[in-house]
Amino acid sequence: MATRLSSRLLIHLPAPTAAAVPTTSPRLRKTAAALTASYRRHRPRLAVLAGAAPSGGAVAPAAPAGENRGAGLTPAEAQRLEEFLKADLPHLFDDVGIDRSAYDDRVRFRDPITRYDDIDGYLANIRLLKVIFRPDFYLHDVKQTGPYEITTRWTMVMKFSLLPWKPELVFTGLSIMGVNPQNLKFCSHVDIWDSIQNNEYFSFEGLVEVFKQLRYYKTPDIETPSYLVLKKAANYEVRKYPPFAVAEAKGEKLTGSSGFNNVTGYIFGKNASSEKIAMTTPVFTQASDDKLSDVSIQIALPMNKDLNSLPAPNTEAVTLRKVEGGIAAVKIFSGRPEEEIVAKKEKELRSQLLKDGLKPQQGCMLARYNDPSTKDFVKRNEVLIWLNDFTLE
């Protein structure tokens, strides 16, 4: 299995900014509001235990007793709920689990393909996901987006262990969480996936998205530069790469092999100390100009290596360089990566990025994960375009 981020549960929270309503369809926001309103109409009278000891690692927020409410959460209440979620949600799929006491017994959960109307169903769904998918959950942001509404942004990465090739499914999106004004417990939870348009339950588009991600791409079981998917759109994904080192040589064209023997020779021992360095995947070819003609070929070096610890190349044809990392948009495809096909994929990706209001840099990279003997229909190829000024909304 290719090396990924080492932590199974991470929080990625940006510096505090002014609260802004996420870009979601009015219809979905009405759905979330309707679930909360429906709960308020039908909720039972609940005894409130202010400051009750939580079962998880977070401290459940205390609720007001007998207060006539209507104007929304106070700033202090909203902050307590936000801080609670930041501490509690990282336990969503670990042995600690989320704090049940922070949710109403009749919490209503909806995502595009599942729904539950009580806390037992809600927790059972989490247990099922743990068994089948072994999810990794990454929390990016938590903020108030309505009078009694807290919205989180997240990434969830799941491996479907029931299939022999254990495909990796990635979902990113928002969770709109309604708050019961009477006890400040969460009474509704609506998930919105970035990759589909119809997020209403039951969404056939959502089911198709799940099956699309079960597709088999052959990825060699060697190290690859780690990344985190920040946003998965319908036709591409946005990844965050940390810095990594590469051995680089002059190339001829994006899909060519010119220079490959030079960079592989370096890692196979043709260097100042005759050190053999572990092979990684993919092989990158990078075009730095808009005509895709100024090309270099690169092999990423193991993550435990830095420029100071690497032996010098034996030839001037090879240089060592640190890739600073950053945010890249990526389009995945199979088949033989011929020059015309890659140029078409780059054009499609760039056009979609501009349509979505993103800022693609000049040039692109082609990532090839497989050796030439791999069957074309299971090959994993990617076109990457680095982005400027990307922010999650």
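Ring planes of Tyr103 and Tyr122: tilted class, angle from 30 to 60°. Ring geometry, Phe186 versus Phe84: the interplanar angle falls under 30°, so the pair is classed parallel (tilted spans 30 to 60°).
Side-chain contact between Pro112 and Ile196 is present, with heavy atoms from C-beta onward closer than 4.5 Å. Between Tyr236 and Leu358 the shortest side-chain heavy-atom distance falls below 4.5 Å. For the pair Pro90/Phe137, no side-chain contact is recorded, criterion being any heavy-atom separation below 4.5 Å from C-beta on. Residues Met156 and Tyr138 have side chains not in contact (no heavy-atom distance under 4.5 Å, counting atoms from C-beta outward). Side-chain contact between Val295 and Gln286 is absent, with no heavy atoms from C-beta onward closer than 4.5 Å. For the pair Lys379 and Thr374, the minimum side-chain heavy-atom distance is below 4.5 Å. At a threshold of 4.5 Å between non-hydrogen side-chain atoms, the residues Ile297 and Phe284 do not count as touching. Side-chain contact check for Thr285 versus Arg368: some heavy-atom pair is nearer than 4.5 Å.
Using a cutoff of 4.0 Å between basic side-chain nitrogens and carboxylate oxygens, Lys250 and Asp294 are scored as salt-bridged. We find that Asp99 and Lys185 are not joined by a salt bridge, their nearest charged nitrogen and carboxylate oxygen being 4.0 Å or further apart. Taking the charged nitrogens against the carboxylate oxygens, Asp371 and Lys218 have no contact shorter than 4.0 Å, which rules out a salt bridge. A salt bridge is absent between Glu82 and Lys86: the closest approach of a Lys/Arg side-chain nitrogen to an acidic carboxylate oxygen does not fall below 4.0 angstrom.
Here salt bridge (Lys or Arg N to Asp or Glu O under 4.0 Å) pairs that include residues 304-315, with residues two or more places apart or in two chains, are Glu275-Lys305.
Asp94 places a side-chain N or O within donor-acceptor distance of the main-chain N or O of Gly97, the cut-off being under 3.5 Å. Counting only distance, with no hydrogens or angles, the side chain of Thr281 and the backbone of Tyr369 share a donor-acceptor pair below 3.5 Å. The closest donor-acceptor contact from the side chain of Gln213 to the backbone of Val210 lies at 3.5 Å or more, if one exists at all. A distance-only check finds a donor-acceptor pair linking the side chain of Asn271 to the backbone of Ser274 [under 3.5 Å]. The closest donor-acceptor contact from the side chain of Thr155 to the backbone of Val229 lies under 3.5 Å. In this structure, the side chain of Lys232 does not engage the main chain of Val238 through any donor-acceptor pair within 3.5 Å. A donor-acceptor contact shorter than 3.5 Å links the side chain of Glu205 to the backbone of Gln197. At least one donor-acceptor pair under 3.5 Å links the side chain of Glu223 to the backbone N or O of Met303.
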Decide yes or no on side-chain contact (heavy atoms from CB on, under 4.5 Å) for Lys331 and Glu348, but give the supporting numbers first. CA-CA 9 Å; Lys331 187 177 185 68; Glu348 290 173 351; 3.4 Å; yes
Stepwise, does the side-chain contact (heavy atoms from CB on, under 4.5 Å) test hold for Thr315 with Lys270? CA-CA 8 Å; Thr315 171; Lys270 292 181 180 180; over 6 Å; no
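Put simply, Leu85 and Ile126 are part of the same group of oily side chains (I, L, V, M, F, W, Y) that touch within less than 4.5 Å, one to the next.
No more than 12 heavy-atom neighbours from other residues, nucleotides or ligands sit within 6.0 angstrom of CZ on Phe204.
Residues forming a salt bridge (charged side-chain N to carboxylate O under 4.0 Å, His left out) with Arg153 (at least two apart in sequence, or on another chain): Asp194.
Side-chain contact annotation: Thr219 with Arg380, donor-acceptor N/O pair under 3.5 Å present.
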